[in-house]
Amino acid sequence: MNIAFIGGGNMARSLIGGLLARGWHAEQIAVADPLPAQLDALRVQFAVRVTDDNAVATRDADIVVLAVKPQEMRRAADGIRASIAAAQRPLLISVAAGIRASDIQRWLPGIPVVRAMPNRPALQGCGMTGLYATEDVSIERRTLAEQILGAVGATLWLENEQHMDIVTAVSASGPAYFFLLIEMLEHAGIAQGLPAAVSRKLAIETAYGSGAMAHAASEPPAVLREQVTSKGGTTAAALRVLEERRVREAFDAAVAAATRRAAELADEFGPGK
Ligand SMILES: NC(=O)c1ccc[n+]([C@@H]2O[C@H](COP(=O)([O-])OP(=O)(O)OC[C@H]3O[C@@H](n4cnc5c(N)ncnc54)[C@H](OP(=O)(O)O)[C@@H]3O)[C@@H](O)[C@H]2O)c1
């Protein structure tokens, strides 16, 4: 089984590191990128095969991962059309934000496509990736795609591609919401009189611990929240203010705006574009 990465940037590097850690061999992996410095770094760090020619990388590939910026996707797809047609109809996995699987298949007819929507923590090995497969992707290849993206965190399948816009709004944009929350908690602690460094440490470690607890727990987050909120206590006083100020409504509206924007961005690569 050979895998070719088109684009050797941050996302490709994380995936390659994850795959090697899970037992893939360096010689199974080829990477194409126009930047010589990028290729040298990948060769030194991982001992994978590197080339500046996308067609060479994909020639013997069973799986092709398109890991270029969304605006480069069309050009990258055009550049590998002939080589992947000559290979054995490889599985194509796109990690590009906002490019629909149907558009990729328009550029690469007859090629089964898995669209993956990872997030930034994937670069730390604790990402969350939404996956969507076109109908011609076999069960075995779905499992393979799941293993590849699973090398950098959790994965789940979406059966409706429109839901990928919501995945984009929830988990791909999501880290920014949590950073904002940390930032706001830090600011609020400072406003109450704490030194800035102390407040930041408290906010970051609390986010980390709460995330770890939610991740490990079998109870839903609402139950965890109730468990840490005693009647008439400090947490209840804070939560009452947040509810009165309609923080939930603000969040619903924010995620709705992100979902709409994800759909608009995907339309920019749609038919006729
Ligand atoms: N990083 C994230 O947190 C994240 C999260 C979710 C999704 N993604 C998606 O992952 C994809 C890659 O992101 P990234 O952060 O890894 O970007 P990146 O670091 O910029 O890497 C992309 C690499 O591809 C190269 N490239 C550009 N055009 C190419 C072509 N036609 N053929 C081969 N290589 C080409 C670029 O070279 P040049 O620099 O010379 O252009 C660059 O080295 C994007 O589509 C993004 O939407 C990333």
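We count ligands from 1, going down the list as the structure has it; atoms in each ligand are counted the same way. These numbers come from the heavy atoms of this one structure, side chains and all, not from hydrogens, waters or symmetry mates.
Looking only at atom types and distance, the side chain of Asp53 has no donor-acceptor partner in the side chain of Thr51 under 3.5 Å away.
Scanning all protein heavy atoms for the shortest distance to atom 47 (O) of ligand 1 gives Ala97 N, 3.0 Å. At the top of the distance list for atom 16 (O) of ligand 1, counting protein heavy atoms only, stands Met11 N, 2.7 Å. Among all protein heavy atoms, the one lying closest to atom 9 (C) of ligand 1 is Val95 O, 3.0 Å. In terms of protein heavy atoms, atom 17 (O) of ligand 1 is closest to Lys69 NZ, 3.1 Å. The single protein non-hydrogen atom nearest to atom 37 (O) of ligand 1 is Asp33 OD1, 3.7 Å, given as residue, atom name and distance. The nearest heavy-atom contact from the protein to atom 1 (N) of ligand 1 is Arg120 NH1, 3.3 Å. Remark: minimum distance from atom 24 (O) of ligand 1 to any protein heavy atom is reached at Gly7 CA, 3.3 Å. In terms of protein heavy-atom proximity, atom 11 (C) of ligand 1 is closest to Val68 O, 3.5 Å.
Of the inter-residue distances, the one linking Leu66 atom CG with Asn54 atom CG reads 8.5 Å to the nearest 0.5 angstrom. Here the straight-line distance linking atom CG of Asn2 with atom CD1 of Ile63 works out to 8.5 Å at 0.5 Å rounding.
Taking each heavy atom of Arg13 and Gly8 in turn, the nearest pair found is NH1-O, 3.9 Å. Closest heavy-atom contact between Tyr132 and Leu158: CD1-O, 3.3 Å.
Just one of Val64, Ile148, Leu91 meets the side chain to side chain contact (heavy atoms under 4.5 Å, CB included) condition when paired with Ile3; it is Ile148.
Looking at Ile99 and Arg115, their side chains never come closer than 4.5 Å, going by heavy atoms from C-beta outward. Side-chain atoms of Ile16 and Gln45, non-hydrogen and from C-beta on, never get closer than 4.5 Å to each other.
Ligand 1 has a nitrogen or oxygen under 3.5 angstrom from a nitrogen or oxygen of Asn54.
If you number the atoms of ligand 1 from 1 as listed, the ones under 4.0 Å from a heavy atom of Gln38 come out as 42 (C), 43 (O). Near Pro118, with a cut-off below 4.0 Å to any heavy atom, the atoms of ligand 1 are 5 (C), 6 (C), 7 (C). Interface atoms of ligand 1 facing Ile6, defined by a heavy-atom separation under 4.0 Å, are 32 (N), 33 (C). Per-residue contacts place Leu35 under 4.0 angstrom from the following atoms of ligand 1 (heavy atoms of the residue considered): 39 (O), 40 (O).
Put simply, atom 41 (O) of ligand 1 has no protein non-hydrogen atoms near it, under 4.0 Å away.
Of the listed options Ala37, Ala32, Ala67, Ala67 places a heavy atom closest to atom 22 (C) of ligand 1.
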Given side chain to side chain contact (heavy atoms under 4.5 Å, CB included), test Met73 with Ile104 step by step and report yes or no. CA-CA 8 Å; Met73 279 286 289; Ile104 298 169; 3.9 Å; yes
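Heavy-atom separations between Ala172 and ligand 1 are all 4.0 Å or longer.
With respect to Arg240 and Glu243, no salt bridge is recorded, no charged nitrogen being found less than 4.0 Å from a carboxylate O.
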